[in-house]
J.: 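Quick one: the structure is below, and I'll ask about it shortly.
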Amino acid sequence: MKKDIKTLTLKELAGHLEELKYPKYHAQQIFSWLYQKGAGDFSSMSDLSLKLRRDLEKVFYISNFILKEKLISRDGTIKYLFELEDKNIIESVLIPHTERNTVCLSTQVGCKFSCQFCASGALGFVRNLNQAEILNQILFIKSDTKEDITNIVFMGIGEPLDNYDTVLNSIRAINAKYGFNIGQRKITVSTAGVVEGIKKLSREGLQIELSVSLHGSTDGKRDKIMPINKKFPLKKLIPAIKEFAKLTKRKITFEYMLLGGFNTTIEDARQLISLTKGINCKVNLIPFNATGQGDFLSPAKLEMLFFRDHLLKNKTDVTIRQPRGQDIQAACGQLRLRRINQ
Ligand code: SAH
């Protein structure tokens with residue numbers, strides 16, 4: 001059976017070429033055909049010899065997605081639903097800004113983590129995505145929109161640090177000069193708090209951004225909405241984050257979703273301030289985007305401002321994230337859930 005060439009790292013591809021008795025440097029050429037020029041077949045790789053192109057074709061194929069649905073928001077955000085080879089469905093989002101275009105990637109089909117407010121976990125976990133399926137999300141969106149993709153966030157369906165090796169290999173391909181050539185500081189990994197993954201990531205020698213979905217400032221609150229907190233409570237999570245900040249010298253982002261009437265009191269704000277004290281970090285407040293999951297409410301405008309102002313008074317670096325694509329169900333996993341439940 002032929003292998004999907006985009007599941008290989010640059011090193012693995014070089015190894016295959018050596019086995020076929022070709023020089024290793026062809027791997028870089030092939031990578032740039034795949035990821036920079038978006039080649040869909042080997043015959044178009046015109047700077048490779050005909051013989052190499054034929055030999056590649058004998059063992060590899062170049063995968064692509066089937067587009068199932070595409071929704072364009074009034075604010076320019078585009079949500080894509082893709083069908084994989086095994087008919088599973090994933091979603092990806094393009095978020096255009098004036099000076100950048102961000103693609104939000106899924107890393108798994110479904111999610112194991114069952115955060116109470118999130119639509120992705122509602123259907124359970126199916127499987128990890130492979131590297132080709134992660135990179136094809138960028139390739140498809142790039143070719144569909146003809147836009148330059150400048151930023152990548154691993155904030156779609158799934159937990160990136162629970163598909164660690166594949167996500168890391170994908171990051172390397174996204175960053176590689178012969179890959180997408182996107183700077184490490186333009187790549188963000190978001191985690192619900194997988195402590196062993198954070199520890200490992202801090203030792204990879206990468207300068208990527210780490211975003212931690214906190215959403216509660218005490219174990220009591222976090223336990224209620226994020227089951228992962230039972231395994232990795234704050235006394236394990238916070239030291240791992242501090243270590244990441246120290247080893248990588250990067251500023252951490254804490255995502256704090258404001259759930260109306262649940263985690264928005266002055267006491268919550270005080271605890272958040274003391275939890276983040278001494279960490280080089282910023283807090284990103286996200287208004288809950290109602291998904292129909294649980295009994296949660298979106299926060300009232302004044303509730304959000306009150307919470308933010310309390311953090312500001314205490315010199316916490318804080319912003320409120322502008323929700324994007326609300327009219328197209330762009331929150332994590334919402335569209336896939338609706339599609340499967342139809
Ligand atoms: N598993 C990773 C990445 C995927 S979720 C993580 O937990 O960080 C990406 C972000 O969207 C997380 O901060 C998640 O908590 C948030 N999110 C999920 N559902 C949401 C909703 N309905 N409204 C607002 N943010 C949501």
Side-chain angles (χ1 to χ4, degrees), residues 77 79 90-93 95 102-125 128-129 134 137 152-164 166-167 170-171 187-195 197-198 201 208-217 221-222 224-229 231-232 237 240-241 244 252-260 262-264 281-299 304 319-338:
T77 303
K79 184 142 198 170
I90 56 162
E91 53 182 53
S92 321
V93 186
I95 310 155
T102 304
V103 168
C104 175
L105 297 176
S106 289
T107 54
Q108 298 180 317
V109 180
C111 187
K112 287 177 201 166
F113 288 77
S114 307
C115 298
Q116 296 297 295
F117 45 79
C118 181
S120 293
L123 295 163
F125 176 73
N128 282 330
L129 295 187
I134 292 177
Q137 298 174 60
I152 298 292
V153 294
F154 285 89
M155 289 189 187
I157 296 177
E159 168 52 50
L161 299 185
D162 186 47
N163 185 9
Y164 189 90
T166 304
V167 166
S170 303
I171 289 172
I187 303 170
T188 302
V189 168
S190 180
T191 179
V194 178
V195 166
I198 296 173
L201 194 60
I208 58 173
E209 306 290 322
L210 179 69
S211 188
V212 179
S213 298
L214 200 58
H215 308 333
S217 48
K221 286 258 158 99
R222 260 192 128 232
K224 283 203 179 100
I225 51 174
M226 301 178 77
I228 188 180
N229 197 66
K231 184 165 177 206
F232 298 121
L237 179 59
I241 293 167
F244 184 94
I252 307 292
T253 300
F254 285 106
E255 308 280 354
Y256 190 94
M257 184 163 32
L258 294 165
L259 293 154
F262 176 77
N263 60 1
T264 56
C281 70
K282 61 176 185 243
V283 174
N284 198 5
L285 301 175
I286 314 170
F288 170 62
N289 187 345
T291 55
Q293 280 355 97
D295 300 323
F296 299 108
L297 299 171
S298 294
M304 284 198 301
T319 46
I320 296 181
R321 187 201 279 171
Q322 287 308 318
R324 298 285 303 260
Q326 274 185 313
D327 51 332
I328 57 164
Q329 298 162 321
C332 200
Q334 274 182 302
L335 188 59
R336 174 173 178 267
L337 178 64
R338 199 204 65 200

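We count ligands from 1, going down the list as the structure has it; atoms in each ligand are counted the same way. Predicted model, so just to flag it, every value in this text is computed and none were measured. One-based numbering along the sequence shown.
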J.: Should one rank Ser190, Gly156, Pro160 by closest heavy-atom distance to atom 4 (C) of ligand 1, which comes out on top?
T.: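 Shortest heavy-atom distance from atom 4 (C) of ligand 1: Gly156.
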
J.: Less than 4.0 Å between a side-chain N and a carboxylate O, is that true for Lys112 and Glu159?
T.: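 No, no charged N to carboxylate O under 4.0 Å.
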
J.: Tell me, yes or no, whether the heavy-atom count around Lys282 atom NZ, taken from other residues, nucleotides or ligands under 6.0 Å, exceeds 12.
T.: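 Counting neighbours around NZ of Lys282, 12 or fewer heavy atoms of other residues, nucleotides or ligands fall under 6.0 Å, so no.
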
J.: Taking only heavy atoms of Phe117 into account, list the atoms of ligand 1 that are under 4.0 Å away from them.
T.: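 Under 4.0 Å from Phe117, ligand 1 has these atoms: 15 (O), 18 (C), 19 (N), 22 (N).
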
J.: What atoms of ligand 1 come closer than 4.0 angstrom to any heavy atom of His215?
T.: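 Matching atoms, with element in brackets: 13 (O), 14 (C), 15 (O).
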
J.: Would you call Thr191 and Ile198 a side-chain contact if the rule is heavy atoms closer than 4.5 Å?
T.: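 With C-beta onward as the side chain, the pair touches.
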
J.: Test your reading of the structure: does Ser213 have an N or O sitting under 3.5 Å from an N or O of ligand 1?
T.: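 By distance alone, the answer is yes.
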
J.: Number the atoms of ligand 1 from 1 as they appear, then name those within less than 4.0 Å of a heavy atom of Thr191, with their elements.
T.: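 Ligand 1 atoms under the 4.0 Å threshold to Thr191: 6 (C), 7 (O), 8 (O).
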
J.: State whether a side-chain donor-acceptor pair under 3.5 Å links Ser92 with Gln137.
T.: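 Ser92 vs Gln137: donor-acceptor pair found between side chains.
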
J.: Could you tell me whether ligand 1 has any atom less than 4.0 Å away from a heavy atom of Cys111?
T.: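 Contact check Cys111 vs ligand 1: negative.
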
J.: For the residue pair Glu255 and Ser211, confirm or rule out a side-chain donor-acceptor distance under 3.5 Å.
T.: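 Note: Glu255 and Ser211 side chains meet the donor-acceptor criterion.
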
J.: Is Gly158 close to ligand 1, meaning an N/O of one under 3.5 Å from an N/O of the other?
T.: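 Indeed, backbone or side chain, Gly158 has an N or O that close.
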
J.: Would you mind reporting whether Ile225 and Leu259 have side-chain heavy atoms less than 4.5 Å apart?
T.: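 A side-chain contact under 4.5 Å exists here.
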
